[in-house]
Amino acid sequence: MPELPEVEAAAIIARRTLVGRRLVAVTTHHAAQRRSLPPRHGARLAGLRIAAVERRGKSQLVHFSDGAVLLVHFRMNGDWEVVAEGAPAPAYTRVAFATDDGVRLCLVDPRALCTATYHAPGKPPRITLGPEPDQLTVTALRAALARRAGPIKPVLLDQKVVAGLGNIYAAEALWRARIDPRTPARDLSAPQLAALVKGIKAAIADGFARQGRYRAGTAGTAGTRAHAFKVYDREGLPCRRGCGAIARITQAGRSTYFCPTCQE
DNA sequence: TTACGCCTGGAG
DNA sequence: CTCCAGGCGTAA
């Protein structure tokens with residue numbers, strides 16, 4: 001579940017589970033995560049209190065009392081699961097963070113592509129990201145796209161252009177802005193740039209609205225409702241504006257869904 | 001720019 | 001069996 005809205009919901013869960021608590025143990029359950037977070041790094045976190053959990057783009061930063069930072073990235077399939085004391089770790093748990101109240105925050109990821117990395121006090125990770133969607137302006141987007149000759153959709157996946165967009169929300173934003181994903185990024189007109197900024201914000205806002213699992217007492221909401229994407233994963237289905245069928249093409253090795261009729 | 005490695009599971 | 005998957009770093 002890993003684009004900006006999903007990561008934000010996850011960060012809220014991590015924040016509620018961790019902040020103010022003391023970490024008592026970190027356990028890695030898979031060789032891939034042992035490479036990104038060697039046991040000796042996890043050991044340095046044990047005993048420390050968690051001061052804050054922050055999200056930047058699709059990254060989560062866990063700040064510790066001594067200034068150390070844990071950088072967690074879900075990649076394709078990562079997610080948090082909160083496990084009560086004594087309960088077994090969920091399937092596909094890759095790293096577990098046990099706190100002093102007995103709860104464990106489990107980093108669950110079937111593909112094990114997720115990463116968690118330790119950053120010593122005074123050496124915070126430097127992540128170069130573009131503006132968050134809610135800070136994005138037409139001026140900033142125009143500047144970011146001015147020299148980009150490639151098609152707009154893969155460019156939107158570049159985190160230095162906008163932070164947090166992934167394959168779903170890039171497609172959703174372009175559909176909302178009625179822009180053909182194959183358009184060279186630097187060729188977007190002024191009205192198209194304005195529409196794209198609006199489209200990005202609307203797509204992300206819609207994503208937030210779909211996140212319900214972090215609200216107290218609503219466990220089980222996630223996944224129950226079928227997704228309500230505008231174009232993503234709708235190949236062959238009618239465009240929601242009543243045009244023809246949604247098409248799927250490959251760009252930069254990834255699927256792009258769009259309406260050939262209303263996106264130009 | 002595209003291609004591939006990283007990993008594993010699910011769908012057809 | 002083959003293909004596909006909400007990401008990203010590196011290589012060619």
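Heavy-atom basis, side chains included; hydrogens, waters and symmetry copies ignored. Everything numeric here is computed off the predicted structure, so don't read it as measured data. So that the names make sense, note that chain A is the first sequence line, chain B the second, and so on, each numbered from 1.
A close approach under 4.0 Å does occur between a side-chain nitrogen or oxygen of Tyr92(A) and OP1 or OP2 of dG9(B). Residue His73(A) has no polar side-chain atom (N or O) positioned under 4.0 Å from OP1 or OP2 of dG7(C). Phosphate proximity of dG6(C) to Tyr232(A): present, with a side-chain N or O under 4.0 Å from OP1 or OP2. OP1 or OP2 of dG7(C) sits under 4.0 Å from a side-chain N or O of Lys58(A). The side chain of Arg248(A) places no N or O atom within less than 4.0 Å of a non-bridging phosphate oxygen (OP1 or OP2) of dC3(C). One finds no side-chain N or O of Thr115(A) lying less than 4.0 angstrom from the OP1 or OP2 phosphate oxygen of dC8(C).
Taking atom P on both nucleotides, dC8(C) is separated from dG9(B) by 22 Å, rounded to a whole Å. Atom C1' of dC1(C) sits at a distance of 22 Å from the matching atom of dG5(B), rounded to the whole Å. Straight-line distance between the C1' atoms of dT1(B) and dA5(C): roughly 22 Å, to the nearest whole Å.
Within 6.0 Å of NZ on Lys201(A) lie more than 12 heavy atoms contributed by other residues, nucleotides or ligands.
For the pair Asp233(A) CG and dC3(C) P, the interatomic distance rounds to 19 Å; values are reported in whole Å. One interatomic measurement links the two molecules: CZ of Phe208(A) to P of dG6(C), which rounds to 20 Å at whole-angstrom precision. Between His30(A) atom NE2 and dT8(B) atom C1' the separation is 8 Å, expressed in whole Å. For the pair Leu165(A) CG and dG6(C) C1', the computed distance is 12 Å after rounding to whole Å. Taking atom CD1 of residue Ile249(A) and atom P of nucleotide dT2(B), one finds them 11 Å apart after rounding to whole Å. One atom, CZ of Arg111(A), and another, P of dT8(B), lie 10 Å apart when rounded to the nearest Å. Regarding Phe229(A), its CZ atom lies at a distance of 13 Å from the C1' atom of dA5(C), rounded to whole Å. Rounded to whole Å, the distance from CD on Glu172(A) to C1' on dG6(C) is 11 Å.
Within the nucleic acid shown, Gly166(A) comes within 4.0 Å of sugar-phosphate atoms alone, with no base atom in reach, counting heavy atoms only. Ala112(A) comes within contact range of no nucleotide atom at all, as no heavy-atom separation falls under 4.0 Å.
Side-chain contact check for His30(A) and Thr28(A): no donor-acceptor pair (N or O, by modelled atom type) lies under 3.5 Å.
Across dC4(C), dG6(C), dC8(C), the shortest atom-to-atom separation from the side chain of Ile168(A) is found for dG6(C). Checking dT1(B), dA5(C), dG6(C) against every side-chain atom of Pro151(A), the shortest atom distance belongs to dT1(B). Of the candidates dA5(C), dG7(C), dG9(B), dA5(C) carries the atom nearest the Tyr257(A) side chain, counting heavy atoms from C-beta on. Comparing dC4(C), dC8(C), dT8(B) by their nearest atom to the side chain of Arg75(A) picks out dC8(C). For Leu113(A), taking side-chain heavy atoms from C-beta onward, the closest of the listed nucleotides dC8(C), dT8(B), dG7(C) is dG7(C).
Heavy atoms only, all atoms of each residue included: Gln263(A) and Asp180(A) are closest at O-CB, 3.5 Å. Closest heavy-atom contact between Asp79(A) and Ala10(A): OD1-CB, 4.3 Å.
With a 3.5 Å ceiling on both atom-pair distances, the Watson-Crick or G-U wobble partner of dG10(B) is dC3(C).
In summary, of the residues considered (Val62(A), Leu48(A), Thr99(A)), a side chain to side chain contact (heavy atoms under 4.5 Å, CB included) with Leu23(A) occurs for Thr99(A) alone.
Relative to the six-membered ring of Trp175(A), Arg240(A) misses at least one condition, a distance below 6.0 Å or an angle of at most 45° to the axis.
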